[in-house]
Amino acid sequence: MNNQTDILNELKELSPFLLQVKETEKPLSVPAHYFEDFTDTIFAEIKTKRGFLETLQKEKTTVPPAYFDKFADNIIAKIKAEEALVEKGKIKALPKQQNKVFQLFTRVAFAASVVGAMFFIKHIQNDELPLNNCADGIACLTQEEIYNYMNANSHEFDVQQIQEVVKPVVDTIETKIDIESKDATKYIEENKLILEFDDSSTDIF
Amino acid sequence: MKLTDEEILLQFKDPASKEKAFRNLLSAYQERLYYHVRRYVHNHEDANDILQNTCIKVWNAIDNFRGEAALYTWLYRIAGNEAITFLNKNKKRNEVDIEQTSAQYRGASDGIGADEMTLKLERAIASLPDKQKQVFIMRYYDEMPYEKMAEISETSVGALKASYHHAVKKIEEILTA
């Protein structure tokens, strides 16, 4: 038995359906003269790539004339110029060791401030924040005092907390105001408080 | 007259005849390599890209070829790897190509013709893992003996048989679904 027969028998055993597909398959089509021209196409491609690589290599190795001859002198001159400025006091150089300690201190301080900020945020976000409970004799502030404090420091509290504190104060204010809307309109008209059209469209920014 | 692998490799050793050797190598293997890579992709243009990349790699690496494996084994390995690399790079585009052509056939006829079955088969092969895909193409299309496949893929004959078995079953499942 030859190799092809072996393969077809194996396929017949594994999947007669796939064998049927294989037997009815059409051969692949290739453009005319493709293989005749292929070798020349490849050589053209190789030459183009080689030319491109050679250009790249030339560009890579191009350095201004005598660049390396004066390189060390230029660097030393720069170092000396910087040292001269330090001596004159125009630049204050930190000793290397001190510089390292300073960097370490900065990092520790930063880490501590992050931890502190997280602790504070967690603390104020606690749902069980005591609200004006005088029973233990520690925090006997009025609702108004708490409201004023939170209003002045609103950036430190979330909206829900402020609303909870504000509600009783607003309720009190609303009950105190007892003005008829007619009276209010009359008051505004008498005091010329209605804005002209042009004023209302003024660009405040 | 076609040269043997040994004669081609001998020509490569002399820098003066390198180009001639390469022409002989392409003349001997270009068609087999083309039909091999064409099975991985949906159209001629992609197969041509893969074949060109393969040949350029061969040209650049031929000086380091030590003859430890047969020449065709080495060429097939490079071509297969190039095809897999190409497929992974252009996975999405290849899927869309197959879908579009498949939709054209569906529009043209109600029944499943040989061409549409070929497309279904291509789609099923595309869904296989890389290793199974290579094994299936070498056995089903290139009709290669397991021993040659083992040399190319550097895998045991037993593992290749198992891989081919799994691939055939998966493809049959997809085609008959």
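Every chain is numbered from 1 and lettered A, B, ... according to where its sequence line falls, protein lines coming before strand lines. Predicted, not measured: the structure shown is a model, and the values here were computed from it.
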Roughly how far, to the nearest 0.5 Å, is [atom2] of [Y] from [atom1] of [X]?
{"X": "B:H44", "Y": "A:L28", "atom1": "NE2", "atom2": "CG", "answer": "11.5 Å"}
{"X": "B:K161", "Y": "A:L14", "atom1": "NZ", "atom2": "CG", "answer": "11.0 Å"}
{"X": "B:M117", "Y": "A:L18", "atom1": "CE", "atom2": "CG", "answer": "9.5 Å"}

**OP:** Please state whether the side chain, the backbone, both or neither of B:Y146 comes within less than 4.5 Å of a heavy atom of chain A.
**Re:**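 Looking at B:Y146, just its side chain touches chain A.
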
So which atom in [X] and which in [Y] form the shortest heavy-atom distance, rounded to 0.1 Å?
{"X": "B:Y164", "Y": "A:E10", "result": "CE2-OE1, 3.4 Å"}
{"X": "B:V168", "Y": "A:S15", "result": "CG1-CB, 3.6 Å"}
{"X": "A:D40", "Y": "B:R23", "result": "OD1-NH1, 3.1 Å"}
{"X": "A:F35", "Y": "B:Q30", "result": "O-NE2, 2.9 Å"}

**OP:** Just give me the residue among B:I56, B:N60, B:I171 that pairs up with chain A most often, heavy atom to heavy atom, under 4.5 Å.
**Re:**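 Ranked by heavy-atom pairs under 4.5 Å with chain A, first place is B:I56.
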
With a sphere of 6.0 Å drawn around [atom1] of [X], does it hold more than 12 non-hydrogen atoms of other residues, nucleotides or ligands?
{"X": "A:Q20", "atom1": "CD", "result": "no"}
{"X": "B:K57", "atom1": "NZ", "result": "no"}
{"X": "B:K169", "atom1": "NZ", "result": "yes"}

Original post:
With a 6.0 Å cut-off on ring centres, are B:Y34 and A:Y34 close enough?
Top reply: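 Yes - the distance between ring centres of B:Y34 and A:Y34 falls below the 6.0 Å cut-off.
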
Subject >> For B:C55, the option from A:I46, A:T41, A:I42 that meets side-chain contact (heavy atoms from CB on, under 4.5 Å) >> reply: A:I42

Original post:
Taking B:E172 for the side chain and A:F17 for the main chain, is one N or O donor matched with an acceptor at less than 3.5 Å?
Top reply: no

**OP:** For residues B:F22 and A:T39, determine if any side-chain heavy atom of one lies less than 4.5 Å from a side-chain heavy atom of the other.
**Re:** no

